[in-house]
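To start, the structure under review is shown below, and the notes come after it.
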Amino acid sequence: MKYKPAVLFFGLVVFCAAQRKDFEQPAMRPARGTKGAVACGSEYAAEAGMRIYFNGGNAVDAGIATMFAASVAEFSHFGLGGEAPILIRTKAGKIFAIAGVGPMPKLATAELFRDRRPKPGEILTMEPGGLKGIIPVAGIMPALVPSMVDAGLVALRDFGSKSFSEEIQPAIELADGLAIDEMRAGTIARVRRFLDLWPDSKKTFMPDGQVPMPGEIFRQPNLAKTLRAMAAAEKKALAAGASRVAAIDAVRDFFYRGDIAHRIDAFMRANDGLLRYEDMAAFKLEPEEPVSTDYHGYKVYKPGFWSQGPAMIEALNILEGYDLRSLGVNSSEYIHKVVEALKLSYADRDTYYGDPKFNHIPTDVLLSKTYAAERRKQIGHNASLDFVPGTINGKQGRHPTEMEIARTKIDDELMARDTTCVDAIDKDGMVFSATPSGAWLPSVIAGDTGIPLTERAQQFILVDGSPNELAGGKRPRVTLSPTIVTEQGKPFLALSTPGGDNQEQSLIQLFFNVVEFGMNAQAAIEAPRFQTRHLVSSFDNHAWNRGDLLLDERIPAATVAELSARGHRVGTRSRWSSGAAPVMVRMMPDGVIEAGADPYGYRVAHAY
């Protein structure tokens, strides 16, 4: 019997070789360490997080420094005026959510946008006579209250250990000057004609009237000045005898109820925007309970129904009833079942989700295993081409595809370029997962603050009676959705991704790649993925594509043919155009912390 392990190992090698004749080496190896790890969207951001680790910070400290640095360095996809839903696991094992999404200004109404004619630079072309009923995707009108700053400060205050001044220093240095990369330079080049409409934006992104070239030093002096003023507010409070907590709250007050809020108000009034000082002053976040489910011994946590996070919870509950492992990763049957479960979950998202402060959402039903079992019965052999929200308390909600929505062409360069991602785990089991987003290019810079404003209001819909109908003081139902997974109460995974409506789809596949198919963090990320667009887009024109299924080009032709035969409207695309760019950090049973990052989305992972 002593030779049995060797025989089993040899057999596994032969089996894998037989099954994977097309095996290719990974593009990257996972980063591994024993003290801490961070995975995110750029080297600049990762270096900020590691710097905090090296100076004694925990995972929350590292994650927040990474996020603030990303708001400066990754301005093509995310800026200081954007959003940041956050999940945190404390050392004691408690999971918290921070709803880092700001509300629509109180002056906004659905009627205003139904009647308003878009201006140049807000969509693309003006319809004859003037199109109405569209929420702009760019410009000043879709701006919400900036929320990332408060989310980061609350997380730092309640779960971090460092001062804001230490946390923000890497971001200040990046605002003073960084070597711009190809992604950022290319994005500025694509949106340059829209920058002409906003002088402060053009001055920020084309300071000499020219598009910066990769490798040139790019400076954001007004933003650096704002960040330094925020740090000075903390130092002033500490000098006056304030505690660490009170000093961080002083930074919050400076931003939302002080000089910065007044300057954003003045800019908005001068440019016919809606956001006011009063909207800023009223915005205060506090940690809240996430939603969660158990999946075969793992507990998965997501943000609440102000996000699309619960859609992943519902999909997991549906798919729990299948033996996915026996189907095999990316087999036609596996892809079919996962996609059909996601279609049902997204139909519920589009029908029932919205700001819980404005809606009664049947959360207990939507998250229940009993409801999922009924939904599972609706998955058949062939692809569904219908949008089928679930029946709740004897009633089936009305899906947006049954309602009238104004449509127009959106300029390719105004289409949402959303989001980055930040995940961190430390040796003490603290976990940080965030999906920072908003204020992407082309962004409106709020005067001399240097702060780019978000375009997130486009995630509302102008459908009368929808839980996600636009209203003043209300949050849109966002796509942003970080994830924490525990195993028997211990930290296991932190994962997040850009990708809009694709976020839950990509993350659930990464989760299965680890827990069902035994992949490490990097292999789970690099494996081929699939995406359905059989949903109502959360962006731009709120389009839908019945039966749509996009497959990674590495998925075998036979699998593509089998899925097509079952009614899926299949297309293929390159791994470089997967619609997502995830990262993942994993805690191993022996205390090793493993991090992976999507090389095809230029993500970054570090550990020590």
From the list D501, N502, D548, side chain to side chain donor-acceptor pair (under 3.5 Å) partner of Q531 resolves to N502

Residues at least two apart in sequence or cross-chain that pass side chain to side chain donor-acceptor pair (under 3.5 Å) with D259, listed by chain then number, are R263

Here the pair of heavy atoms bringing Q458 nearest to P136 is CB-O, 3.9 Å

Separation between CG (D350) and NE2 (H542), nearest 0.5 Å, reads 10.5 Å

inquiry  = The test is salt bridge (charged side-chain N to carboxylate O under 4.0 Å, His left out); show your working for R349 and E504 and say whether it passes.
reply    = CA-CA 11 Å; R349 181 202 73 169; E504 307 311 317; over 6 Å; no

- [ ] Answer whether the closest heavy-atom distance between the side chains of L80 and V72 falls below 4.5 Å.
- [x] no

May I ask you to decide if D348's main-chain N or O and T351's side chain share a donor-acceptor pair within less than 3.5 Å?
no

Exercise for review: Could you walk me through whether T363 and V291 pass side chain to side chain contact (heavy atoms under 4.5 Å, CB included), step by step?
Suggested key: CA-CA 9 Å; T363 58; V291 297; over 6 Å; no

task = Given salt bridge (charged side-chain N to carboxylate O under 4.0 Å, His left out), test K302 with E314 step by step and report yes or no.
result = CA-CA 11 Å; K302 301 292 292 186; E314 182 180 338; over 6 Å; no

(message) Treating T226 as the side-chain partner and N222 as the backbone partner, does any N or O pair qualify as donor plus acceptor under 3.5 Å?
(response) yes

dist R114:CZ -> L470:CG (nearest 0.5 Å) comes out at 8.5 Å

- Query: Taking the side chain as C-beta and beyond, is there a heavy-atom pair between Q308 and Q503 under 4.5 Å?
  - Reply: yes

query: Is Y301 reaching over with its side chain to a backbone N or O of V485, donor-acceptor style, under 3.5 angstrom?
result: no

| message | Counting C-beta onward and ignoring hydrogens, is there a side-chain heavy-atom pair between M312 and S481 closer than 4.5 Å? | response | no

Any P85 side-chain heavy atom under 4.5 Å of W306 side chain: yes

(message) Determine whether F255 and M280 satisfy the following criterion, side chain to side chain contact (heavy atoms under 4.5 Å, CB included), listing intermediate values before the conclusion.
(response) CA-CA 8 Å; F255 189 93; M280 298 277 290; 4.0 Å; yes

Taken to the nearest 0.5 Å, the spacing of L223 CG from L227 CG works out to 4.5 Å

Test your reading of the model: is there a side-chain donor-acceptor pair from S147 to the backbone of G100, 3.5 Å cut-off? yes

Ring pair (Phe, Tyr, Trp, His ring centres under 6.0 Å) between F113 and F460, intermediate numbers included: CA-CA 11 Å; F113 286 95; F460 286 113; 8.8 Å; no

Taking the side chain as every heavy atom from C-beta outward, state whether T187 and W440 have any atom pair closer than 4.5 Å.
no

Is a side-chain donor or acceptor of T454 paired with a backbone partner of A143 at a separation under 3.5 angstrom? no

The reported gap from CG in L274 to CZ in R269 (rounded to nearest 0.5 angstrom) is 11.5 Å

Check: Is K284 salt-bridged to D150, cutoff N-O under 4.0 Å?
Finding: no

Test item: N359 side-chain N/O and I361 main-chain N/O as donor-acceptor pair under 3.5 Å:
no

Please test F432 against V38 for side chain to side chain contact (heavy atoms under 4.5 Å, CB included), starting from the C-alpha separation and ending with a verdict. CA-CA 9 Å; F432 179 93; V38 64; over 6 Å; no

- Message: Looking at Y44 and E74, would you say the former's side chain and the latter's main chain have a donor-acceptor pair under 3.5 Å?
- Response: no

### Query
Cut-off 3.5 Å, side chains only: do E43 and H606 have a donor facing an acceptor?
yes

Can you confirm whether R456 sits close enough to V478 that some side-chain heavy atom of one is under 4.5 Å from a side-chain heavy atom of the other? yes

Of all heavy-atom pairs linking I508 and A315, the shortest is CD1-CB, 3.8 Å

Lys/Arg-Asp/Glu bridge criterion (N-O < 4.0 Å) met for E122, R117 | no

Report task. State, with a plain yes or no, whether a side-chain heavy atom of I135 is found less than 4.5 Å away from one of Q459. Result -> no

The residue among L153, T66, L156 that forms side chain to side chain contact (heavy atoms under 4.5 Å, CB included) with E167 is L156

Has the side chain of N58 got a donor or acceptor atom that lies under 3.5 Å from a matching backbone atom of V60? yes

Taking only Lys NZ, Arg NE, NH1 and NH2, and the carboxylate oxygens of Asp or Glu, determine whether D196 and R192 approach each other closer than 4.0 Å.
no

Looking only at heavy atoms, the pair that brings I425 and V585 closest together is CD1-O, 3.5 Å

In terms of heavy-atom contacts, M430 and A59 come closest through O-CB, 3.4 Å

Handout entry: Validation row: T483, L493 side chains within 4.5 angstrom (heavy atoms)
Key = no

Interatomic distance, OG@S76 vs CG@L441, rounded to 0.5 Å, equals 6.5 Å

After noting the C-alpha distance and the side-chain angles of D249 and R252, does the key distance pass the salt bridge (charged side-chain N to carboxylate O under 4.0 Å, His left out) rule?
-> CA-CA 5 Å; D249 281 339; R252 299 171 70 198; 3.0 Å; yes

* Evaluate the ring planes of Y600 and W576, with Trp represented by its six-membered ring, and classify them as parallel (under 30°), tilted (30 to 60°) or perpendicular (over 60°). => perpendicular

Here the pair of heavy atoms bringing A70 nearest to T420 is CB-CG2, 4.4 Å

| request: Report the C-alpha distance between F218 and F75 in whole Å, list the side-chain angles of each, state the deciding distance to 0.1 Å, and finish with yes or no for ring pair (Phe, Tyr, Trp, His ring centres under 6.0 Å). | output: CA-CA 12 Å; F218 179 75; F75 55 81; 4.9 Å; yes

Should the ring pair Y353 and F305 be called parallel, tilted or perpendicular, given that the plane angle runs from 0 to 90° and is split at 30 and 60? perpendicular

Tightest non-hydrogen contact, residues S496 and C421, listed as OG-CB, 3.3 Å

| message | Are more than 12 heavy atoms, taken from residues, nucleotides or ligands other than F358, located less than 6.0 Å from that residue's CZ atom? | response | yes

Review point. Within the side chain of D61, is there an N or O that forms a donor-acceptor pair under 3.5 Å with the backbone of G160?
Key: no

One should read off an interatomic distance between L178 CG and E173 CD, to the nearest 0.5 angstrom, of 11.5 Å

Q. For R603 and D598, what are the C-alpha separation, side-chain angles and deciding distance, and is it a salt bridge (charged side-chain N to carboxylate O under 4.0 Å, His left out)?
A. CA-CA 5 Å; R603 307 289 104 175; D598 192 344; over 6 Å; no

Contacts satisfying salt bridge (charged side-chain N to carboxylate O under 4.0 Å, His left out) that involve residues 217-234 (not counting sequence neighbours) are D176-R228

Is a side-chain N or O of S201 found less than 3.5 angstrom from the main chain of S443, in a donor-acceptor match?
yes

Contacts satisfying salt bridge (charged side-chain N to carboxylate O under 4.0 Å, His left out) that involve residues 62-73 (not counting sequence neighbours) are none

- Message: Check E83 with R475, please: is the shortest side-chain N to carboxylate O separation under 4.0 Å?
- Response: no

### Lys/Arg N to Asp/Glu carboxylate O, R276 vs D279, below 4.0 Å
no

